[in-house]
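As a basis for the values below, the full set of heavy atoms in this structure was taken, side chains included, without hydrogen atoms, waters or symmetry mates. What you are looking at is a predicted structure, and each value in this text was computed from that prediction instead of being measured.
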Amino acid sequence: MSLATNAADKPTLYKRIRADIEKRILTGEWPPGHRIPFEHQLMARYGCSRMTVNKALSELAQADLIERRRRAGSFVRRPQHMSAVLRIADIRAEITALGRAYGYELIHRSQRAATAADRARLGVKKAGKVVAIACRHSADNVPFAVEDRLIDLASVPEAASADFASEPPGSWLLHHVPWTEAEHTISAIVADDRTAEALDISVGAPCLVIDRYTWRSARTITAVRLLYPGDSHRLVARFQGG
């Protein structure tokens with residue numbers, strides 16, 4: 001076979017490799033997290049050069065279908081999770097809507113007299129009591145988000161007896177406590193040791209942060225901080241003008 005024929009065939013071959021892998025991913029044959037065959041295995045399977053395989057994998061990575069990890073190989077990328085920013089979403093419902101199994105773990109719960117820091121975070125001046133909650137949400141046993149929440153018992157006294165060991169606080173509040181106003185603040189941080197362990201990511205990895213405050217008739221209900229792995233979550237807002 002001539003060099004000219006080889007050169008002409010290369011684009012077709014790398015497209016075939018890409019199409020084969022893409023089909024396996026989109027049909028579910030290779031689920032999220034599945035390891036793609038190593039480059040040398042693909043080279044042997046298709047009888048081609050490393051450059052041809054690398055081009056196919058690079059295009060799949062650019063299309064967000066696979067994730068290439070240095071020294072570990074390539075894996076089917078987990079779909080990005082999306083949250084609406086113009087409404088208060090129920091994380092449990094979000095995960096279930098994605099067709100994934102929801103998991104919940106209460107890390108810490110305490111009831112205490114509000115500290116100065118608590119009052120500043122809730123935007124209240126009077127002394128009172130709060131429920132402080134730390135918990136983790138997961139999807140298919142993979143950490144989805146960690147939550148740090150304060151509930152003002154002056155506004156929501158029934159939260160003192162709520163069973164947050166079995167029901168996520170966000171879900172409980174949405175079903176039991178009406179609200180009239182909410183605010184979202186969106187930012188980004190890098191994971192410290194504690195966050196990295198909770199989300200099963202590397203220290204220094206980017207995290208998406210949503211700080212949310214809700215009120216009922218000017219009385220603070222809750223303040224919550226949600227942290228998501230930055231490479232697997234994005235925010236979506238759709239709205240109309242006028």
Side-chain angles (χ1 to χ4, degrees), residues 21-22 25-26 30-36 57-108 121 132-150 168-171 173-174 182-214 222-239:
I21 296 175
E22 186 172 7
I25 294 172
L26 296 180
W30 287 355
H34 178 85
R35 184 195 294 275
I36 307 295
L57 294 178
S58 294
E59 288 199 358
L60 288 165
Q62 290 172 4
D64 285 335
L65 289 174
I66 69 171
E67 177 184 0
R68 306 186 75 181
R69 303 176 190 169
R70 189 176 180 183
R71 296 192 296 274
S74 299
F75 300 82
V76 178
R77 189 175 184 86
R78 297 187 181 276
Q80 284 194 317
H81 314 304
M82 298 182 291
S83 291
V85 295
L86 298 182
R87 63 183 177 86
I88 296 181
D90 183 342
I91 293 180
R92 178 170 60 185
E94 279 188 292
I95 293 173
T96 302
L98 290 170
R100 306 183 70 184
Y102 174 73
Y104 168 72
E105 177 189 358
L106 179 63
I107 300 171
H108 173 76
R121 183 177 173 192
I133 299 166
C135 57
R136 174 167 48 203
H137 308 270
S138 62
D140 292 339
N141 294 316
V142 176
F144 184 90
V146 289
E147 175 177 335
D148 174 22
R149 182 184 294 271
L150 286 178
S171 302
L173 285 164
L174 284 172
E183 176 184 297
H184 284 143
T185 300
I186 302 163
S187 58
I189 63 170
V190 294
D192 58 17
D193 291 345
R194 182 178 177 183
T195 301
E197 181 179 0
L199 290 175
D200 193 22
I201 57 178
S202 301
V203 174
C207 295
L208 178 69
V209 182
I210 300 177
D211 287 298
R212 178 188 300 140
Y213 307 88
T214 53
T222 185
V224 60
R225 166 165 281 204
L226 298 163
L227 286 88
Y228 301 86
D231 64 350
S232 63
H233 206 96
R234 60 193 175 105
L235 297 173
V236 175
R238 183 174 181 176
F239 48 90

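Taking OH of Y104 as the start and CZ of R136 as the end, the distance is 11.5 Å to the nearest 0.5 Å. The line from OG of S58 to CD1 of I66 is 8.0 Å long, rounded to the nearest 0.5 Å. One distance of note links CZ of R77 with CD of E67; it measures 5.5 Å at 0.5 Å rounding. Distance CZ/R225 to OG1/T185: 9.5 Å, rounded to 0.5 Å. Here I21 contributes atom CD1 and S74 contributes atom OG; the two are 8.0 Å apart, rounded to the nearest 0.5 Å. A distance of 7.0 Å separates CG of D211 from CZ of R121, quoted to the nearest 0.5 Å.
Partners of E22 according to the side-chain hydrogen bond (donor to acceptor under 3.5 Å, both in side chains) rule, which considers only residues two or more places apart in sequence or in another chain, do not exist here. Residues meeting the side-chain contact (heavy atoms from CB on, under 4.5 Å) test with A72, sequence neighbours left out: R69, F75. Legend: residues meeting side-chain hydrogen bond (donor to acceptor under 3.5 Å, both in side chains) with R92, ordered by chain and number and at least two apart, are absent. Evaluation of the side-chain contact (heavy atoms from CB on, under 4.5 Å) rule for A101 yields D140 as partners, not counting sequence neighbours. Residues forming a salt bridge (Lys or Arg N to Asp or Glu O under 4.0 Å) with R68 (at least two apart in sequence, or on another chain): E39. In this structure T195 satisfies the side-chain hydrogen bond (donor to acceptor under 3.5 Å, both in side chains) test together with D192, sequence neighbours excluded. Partners of L174 according to the side-chain contact (heavy atoms from CB on, under 4.5 Å) rule, which considers only residues two or more places apart in sequence or in another chain, are I88, D90, W179. Residues forming a side-chain contact (heavy atoms from CB on, under 4.5 Å) with E59 (at least two apart in sequence, or on another chain): Y14, R18, K55. Here Y213 pairs with nothing under the side-chain hydrogen bond (donor to acceptor under 3.5 Å, both in side chains) rule; sequence neighbours left out.
In this structure, Y102 and P168 have side chains that are in contact, with non-hydrogen atoms separated by less than 4.5 Å. In this structure, the side chains of V146 and R194 stay at 4.5 Å or more apart for every pair of heavy atoms. Residues L227 and I189 are in side-chain contact: their nearest non-hydrogen atoms beyond the backbone lie under 4.5 Å apart. At a threshold of 4.5 Å between non-hydrogen side-chain atoms, the residues L60 and I36 do not count as touching.
Minimum heavy-atom separation, A139 to R100: O-NH2, 3.3 Å. Among all heavy-atom pairs drawn from P229 and P143, the shortest one is CG-O, 4.3 Å. Scanning all heavy atoms of the two residues, the minimum distance from G170 to R149 falls at CA-NH2, 3.6 Å.
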Show every donor-acceptor pair shorter than 3.5 Å between a side-chain atom in residues 196-206 and any protein atom, with sequence neighbours excluded, or say none if there are none.
none

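Classified by interplanar angle (parallel below 30°, tilted 30° to 60°, perpendicular above 60°), the ring pair F144/Y228 is perpendicular.
Each of L173, I133, L150 was compared with T222 under the side chain to side chain contact (heavy atoms under 4.5 Å, CB included) criterion, and only L173 meets it.
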